[in-house]
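Below: one structure, written as structure tokens.
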Amino acid sequence: GNIEMLADESFGILNKGQHELVEDIQISTTRLIGMVNDMLDITKIEQGKLDMVCEIINVNDLFHSIIDDLADYAKRHNFIISTNLQDTNTTVFGDKIRVRQVFQNLIDNAIKYGRDSGLLHKSSCIEGDHVKFSFKDSGIGIPKQEQSSLFERFYRASNTANLASGGSGLGLYIVKSLVKELGGDIWFESEENVGTTFFVTIPRTK
Ligand code: ATP
Ligand code: MG
């Protein structure tokens with residue numbers, strides 16, 4: 001909060017150098033908070049203490065709220081998020097915060113590992129008792145021989161080594177655990193230098 005007030009210049013005008021410093025502090029702090037939350041989530045998952053408060057969630061509303069939240073971040077990466085949600089009334093049954101976390105992580109990956117001017121295409125369709133979501137990017141892809149390790153803790157593919165945007169390799173491990181806990185499934189198809197599509201299913205009812 002204090003850093004935000006500094007960045008907003010609530011305490012006085014900042015020069016260019018000070019602005020850059022405050023921005024760096026803001027980015028690093030957000031990243032640290034994210035890492036701490038990831039570690040806490042992993043501890044909860046491994047101790048079976050993930051408490052879910054489930055309710056009916058309107059998918060369309062949830063996506064629009066996520067896109068609003070990620071708008072600045074996507075813009076900084078020249079990334080366009082396009083949606084093709086089949087029906088604006090589609091709902092799933094789950095913990096809103098956790099479902100949001102799953103989608104946000106997948107979109108964050110698509111932005112980080114997509115190329116400049118990358119376009120993420122999200123779609124959904126009803127398959128029996130579940131809604132199936134796909135997140136398709138045209139980014140760096142995942143090398144075939146590494147694909148079986150992707151959901152492991154701390155795993156990062158070798159083709160991310162030279163990228164400016166780092167990560168700790170915890171996102172997908174958490175996502176997979178959350179999806180399992182929600183009663184759904186997750187898998188992907190990927191080709192190096194062509195792109196990746198993640199598929200997630202979430203139950204429609206209790
Ligand atoms: P963080 O903990 O911040 O999410 P991360 O993004 O490196 O770090 P994961 O989200 O778990 O970790 O992803 C693991 C690895 O899978 C990534 O490092 C990357 O190599 C690969 N990966 C994930 N999503 C994609 C994608 N859409 N395109 C290409 N590679 C991907
Ligand atoms: Mg990630």
Side-chain angles (χ1 to χ4, degrees), residues 24 26-46 50 63 66-67 69-84 97-124 132-182 184-202:
D24 277 354
Q26 213 167 5
I27 290 169
S28 302
T29 310
T30 309
R31 203 160 168 181
L32 264 178
I33 294 170
M35 279 168 71
V36 172
N37 283 335
D38 280 354
M39 299 305 287
L40 286 174
D41 278 345
I42 285 180
T43 309
K44 283 186 201 156
I45 288 164
E46 292 181 350
L50 258 186
F63 270 127
I66 294 175
I67 291 170
D69 274 4
L70 293 177
D72 282 348
Y73 178 60
K75 203 171 160 193
R76 276 204 302 277
H77 285 78
N78 288 321
F79 203 93
I80 298 159
I81 303 174
S82 87
T83 52
N84 177 21
I97 292 174
R98 297 308 189 179
V99 174
R100 186 188 188 95
Q101 193 176 351
V102 167
F103 294 159
Q104 251 173 359
N105 259 292
L106 295 175
I107 299 173
D108 175 61
N109 279 349
I111 294 174
K112 275 199 307 199
Y113 310 120
R115 296 205 184 82
D116 270 357
S117 311
L119 182 116
L120 171 75
H121 171 78
K122 292 189 279 83
S123 61
S124 76
K132 180 170 134 189
F133 299 93
S134 24
F135 298 82
K136 177 177 162 53
D137 68 61
S138 39
I140 61 171
I142 301 150
K144 280 273 175 294
Q145 65 279 14
E146 299 183 40
Q147 292 186 1
S148 58
S149 309
L150 214 71
F151 291 107
E152 288 169 15
R153 276 190 307 177
F154 300 113
Y155 192 83
R156 305 203 72 220
S158 54
N159 58 343
T160 59
N162 297 327
L163 295 182
S165 35
S168 37
L170 293 176
L172 285 179
Y173 173 79
I174 296 171
V175 163
K176 182 158 184 164
S177 307
L178 293 178
V179 170
K180 200 173 130 206
E181 201 67 28
L182 287 161
D185 200 3
I186 179 165
W187 68 99
F188 64 90
E189 290 166 2
S190 182
E191 198 174 325
E192 206 172 353
N193 295 319
V194 177
T196 305
T197 306
F198 275 90
F199 301 94
V200 178
T201 59
I202 311 258

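Atoms within each ligand, like the ligands themselves, are counted from 1 in listed order.
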Discussion item. Out of Arg153, Lys112, Met35, who is nearest to atom 3 (O) of ligand 1 when you count heavy atoms only?
Written reply: Lys112
Fill in: Heavy atom of the protein closest to atom 7 (O) of ligand 1 (residue, atom name, distance)
Arg156 NE, 2.6 Å
Worksheet item: Which heavy atom of the protein is the closest neighbour of atom 21 (C) of ligand 1, given with residue, atom name and distance?
Response: Leu150 CD1, 3.8 Å
Worksheet item: Does Phe198 reach ligand 1, in the sense of a heavy atom lying below 4.0 Å from it?
Response: yes
Worksheet item: Is ligand 1 less than 4.0 angstrom away from at least one heavy atom of Gly141?
Response: yes
Worksheet item: How far is atom 20 (O) of ligand 1 from its nearest protein heavy atom, and which residue and atom name does that atom have?
Response: Ala157 N, 2.9 Å
Practice prompt. Using only heavy-atom distances, determine whether the side chains of Tyr113 and Asn159 contain a donor-acceptor pair under 3.5 Å.
Written response: no
Worksheet item: Has ligand 1 got any nitrogen or oxygen that is less than 3.5 angstrom from a nitrogen or oxygen of Leu170?
Response: yes
Worksheet item: Any chance the side chains of Thr197 and Ser134 put a donor and an acceptor closer than 3.5 Å?
Response: no
Worksheet item: For ligand 1, does Leu172 get within less than 4.0 Å through its side chain, its backbone, both, or neither, judged by non-hydrogen atoms?
Response: both
Worksheet item: Is the shortest N/O to N/O distance between Gly167 and ligand 1 below 3.5 Å?
Response: no
Worksheet item: Less than 3.5 Å between some nitrogen or oxygen of Ile142 and one of ligand 1, yes or no?
Response: no
Worksheet entry | Any N/O pair Gly169/ligand 1 closer than 3.5 Å | yes
Fill in: Salt bridge present between Lys112 and Asp108 (N-O < 4.0 angstrom)
yes
Practice prompt. Among all protein heavy atoms, pick out the one at the shortest distance from atom 31 (C) of ligand 1; state its residue, atom name and that distance to 0.1 Å.
Written response: Tyr113 CD1, 3.5 Å
Worksheet item: Just checking, any donor-acceptor pair under 3.5 angstrom between side chains of Glu146 and Ser158?
Response: yes
Worksheet item: For Phe133, is the NZ or CZ atom of Lys122 found under 6.0 angstrom from the centre of its six-membered ring and inside 45 degrees of the ring axis?
Response: no
Worksheet item: Would you call Arg100 and Asp69 a salt bridge, using N to O less than 4.0 angstrom?
Response: yes
Item to complete: Scan Trp187, Phe188, Phe135 and name whichever one has a ring-ring contact (aromatic ring centres under 6.0 Å, His included) with Phe199.
Response: Trp187
Discussion item. Residue-level breakdown please: for Asp137 versus ligand 1, do any non-hydrogen atoms fall below 4.0 Å on the side chain, on the backbone, on both, or on neither?
Written reply: side chain
Practice prompt. Answer yes or no: is there an ion pair linking Asp41 with Arg98, defined by an N-O contact shorter than 4.0 Å?
Written response: yes
Item to complete: Drop me the distance from Thr196's OG1 to Ile140's CD1, to the nearest 0.5 angstrom.
Response: 7.5 Å
Discussion item. Just to be sure I understand the site: which N, O or S atoms from the protein are less than 2.8 Å away from the Mg ion (ligand 2)?
Written reply: Asn109 OD1
Practice prompt. Consider every N or O of Gly171 and every N or O of ligand 1, then say whether any pair is closer than 3.5 Å.
Written response: yes
Item to complete: Could you tell me how the ring of Phe151 sits relative to the ring of Phe198: parallel (under 30°), tilted (30 to 60°) or perpendicular (over 60°)?
Response: perpendicular
Worksheet entry | Polar contact flag for Asp108 and ligand 1 (N/O pairs, less than 3.5 Å) | no
